[in-house]
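Along the sequence shown, residues carry numbers from 1. A quick note: this is a predicted structure, and the numbers were derived from the prediction, not measured.
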Amino acid sequence: MPAPVPAPPEPAPAPASDWSAPLPPHHAERFGRIVAAELQGDLVGAALAARELEGALDREYGALHPHTVGVLGTRAWLALLLQEDWAAIMRLHLRTAERRHNAQAPVDETRRVLRNARAVWWRLAAVDRAEADEIQPELQRVSDLVAGVLPE
């Protein structure tokens, strides 16, 4: 009698295609901390809470899941509001745009993130042209990848 053939492994779950789906209830408290901190004007606290939530979502769903990518976008937005380190803000926006592209997120929002990255590049160039010039090829690469918003 031949040995039984093992069942094929189950495929990994595909990322959710609904980019507007709400976070599961077990993440509501973490998300609430982001909102509460932002409403109180504590952008640093909101950014830290967003980083914590992103880490939890990444561990649970993976880096390309809409929830994880969405919170990465929230972090990029909060960093922009903080206006502390233009180079870091630029890199965070580029990471967000590239991850959105790789996750097949809605392109309009991905292009908005890229437009923000371009605006940040100009702010960076005004304070540190050498750093802006160093990052510019990455801006071009991500812009080409998304095929929409090219840096001027």
Side-chain angles (χ1 to χ4, degrees), residues 7-125 131-132 134-152:
E10 289 192 34
S17 60
D18 185 0
W19 286 83
S20 62
L23 282 173
H26 64 280
H27 290 294
E29 190 230 319
R30 281 188 172 122
F31 183 75
R33 280 189 272 159
I34 298 168
V35 173
E38 185 177 6
L39 290 175
Q40 293 172 359
D42 180 9
L43 297 177
V44 172
L48 290 172
R51 178 176 282 196
E52 178 186 316
L53 178 57
E54 181 191 357
L57 292 169
D58 189 16
R59 287 186 299 277
E60 185 172 346
Y61 301 113
L64 296 180
H65 190 277
H67 294 325
T68 311
V69 174
V71 174
L72 177 61
T74 298
R75 284 186 53 222
W77 176 249
L78 290 167
L80 186 59
L81 294 176
L82 282 165
Q83 300 182 9
E84 290 182 343
D85 179 344
W86 293 113
I89 295 166
M90 177 83 193
R91 288 181 176 98
L92 187 57
H93 274 77
L94 291 175
R95 183 177 338 131
T96 302
E98 184 169 15
R99 193 158 313 158
R100 287 184 59 80
H101 173 78
N102 291 340
Q104 300 177 348
V107 72
D108 288 347
E109 177 66 13
T110 303
R111 288 183 176 149
R112 185 192 62 75
V113 171
L114 256 178
R115 284 191 300 274
N116 286 348
R118 184 176 63 192
V120 170
W121 185 89
W122 284 107
R123 295 290 290 241
L124 176 60
E131 183 79 19
E134 183 179 314
I135 296 174
Q136 199 281 332
E138 184 67 5
L139 175 59
Q140 184 66 53
R141 185 189 69 75
V142 174
S143 295
D144 289 346
L145 181 69
V146 174
V149 180
L150 299 175
E152 297 172 353

Note to self: Measuring only between side-chain heavy atoms, which start at C-beta, is V113 closer than 4.5 Å to V146?
What the structure shows: no
Notebook entry, point to check: Is R91 positioned over the aromatic face of W86, cation under 6.0 angstrom from the ring centre and no more than 45 degrees off axis?
Noted result: no
Next item on the list: Kindly indicate, with the supporting measurements, whether the criterion side-chain contact (heavy atoms from CB on, under 4.5 Å) is fulfilled by E98 and R95.
Entry: CA-CA 5 Å; E98 184 169 15; R95 183 177 338 131; 6.0 Å; no
Margin query: For the backbone of G55 and the side chain of R59, can you confirm whether one donor and one acceptor N or O come within less than 3.5 Å of each other?
Written below: yes
Check: To the nearest 0.5 Å, what is the distance between CD (E138) and OG (S143)?
Finding: 9.5 Å
Checklist line | Distance-only polar pair, side chains of E54 and H67, donor-acceptor under 3.5 Å | finding: no
Next item on the list: For F31 and V71, run side-chain contact (heavy atoms from CB on, under 4.5 Å): C-alpha distance rounded to whole Å, both residues' side-chain angles, the deciding distance at 0.1 Å, then the answer.
Entry: CA-CA 9 Å; F31 183 75; V71 174; 5.7 Å; no
Check: Can you tell me how far the CD atom of E134 sits from the CG atom of L124, to the nearest 0.5 Å?
Finding: 9.5 Å
Notebook entry, point to check: Parallel, tilted or perpendicular: which fits the ring planes of H65 and Y61, with parallel below 30° and perpendicular above 60°?
Noted result: parallel
Margin query: So I89 and R123, do their side chains get closer than 4.5 Å, heavy atoms only?
Written below: no
Next item on the list: State the CG-CD distance between L43 and E84, to the nearest 0.5 angstrom.
Entry: 9.0 Å
Margin query: Within a 6.0 Å radius of atom CZ on R33, are there more than 12 heavy atoms belonging to other residues, nucleotides or ligands?
Written below: yes
Next item on the list: Looking only at non-hydrogen atoms, find the nearest pair between Q83 and L80 and report the distance.
Entry: CG-O, 3.0 Å
Notebook entry, point to check: Can you name the nearest heavy-atom pair linking R30 to A56, along with the distance?
Noted result: NH1-CB, 3.2 Å
Notebook entry, point to check: Has the side chain of W121 got a donor or acceptor atom that lies under 3.5 Å from a matching backbone atom of M90?
Noted result: no
Notebook entry, point to check: Among R115, Q104, R100, whose side chain to side chain donor-acceptor pair (under 3.5 Å) with T110 holds?
Noted result: R100
Item checked: Minimum-distance pair of heavy atoms, taken over all atoms of L78 and A50 -> CD1-CB, 4.2 Å
Check: So do L23 and L53 actually touch side chain to side chain, heavy atoms under 4.5 Å?
Finding: yes
Note to self: Between T68 (side chain only) and L64 (backbone N and O only), is there a donor and an acceptor less than 3.5 Å apart?
What the structure shows: no
Next item on the list: Mind listing the closest non-hydrogen atom pair of D58 and A63 along with its distance?
Entry: OD1-N, 2.9 Å
Next item on the list: Please report the C-alpha distance between L92 and L72 in whole Å, then the side-chain angles of each, then the deciding distance to 0.1 Å, and finally whether the side-chain contact (heavy atoms from CB on, under 4.5 Å) criterion is met.
Entry: CA-CA 8 Å; L92 187 57; L72 177 61; 3.6 Å; yes
Item checked: Distance in Å, I34 CD1 paired with R75 CZ, rounded so as to fall on 0.5 Å steps -> 10.5 Å
Check: H93 pairs by side chain to side chain contact (heavy atoms under 4.5 Å, CB included) with which of V142, L114, L139, N116?
Finding: N116
Checklist line | Nearest-0.5 Å distance that lies between atom CG in L39 and atom CG in D42 | finding: 11.0 Å
Notebook entry, point to check: Which heavy atom of G45 sits nearest a heavy atom of A37, and at what distance?
Noted result: C-CB, 3.9 Å
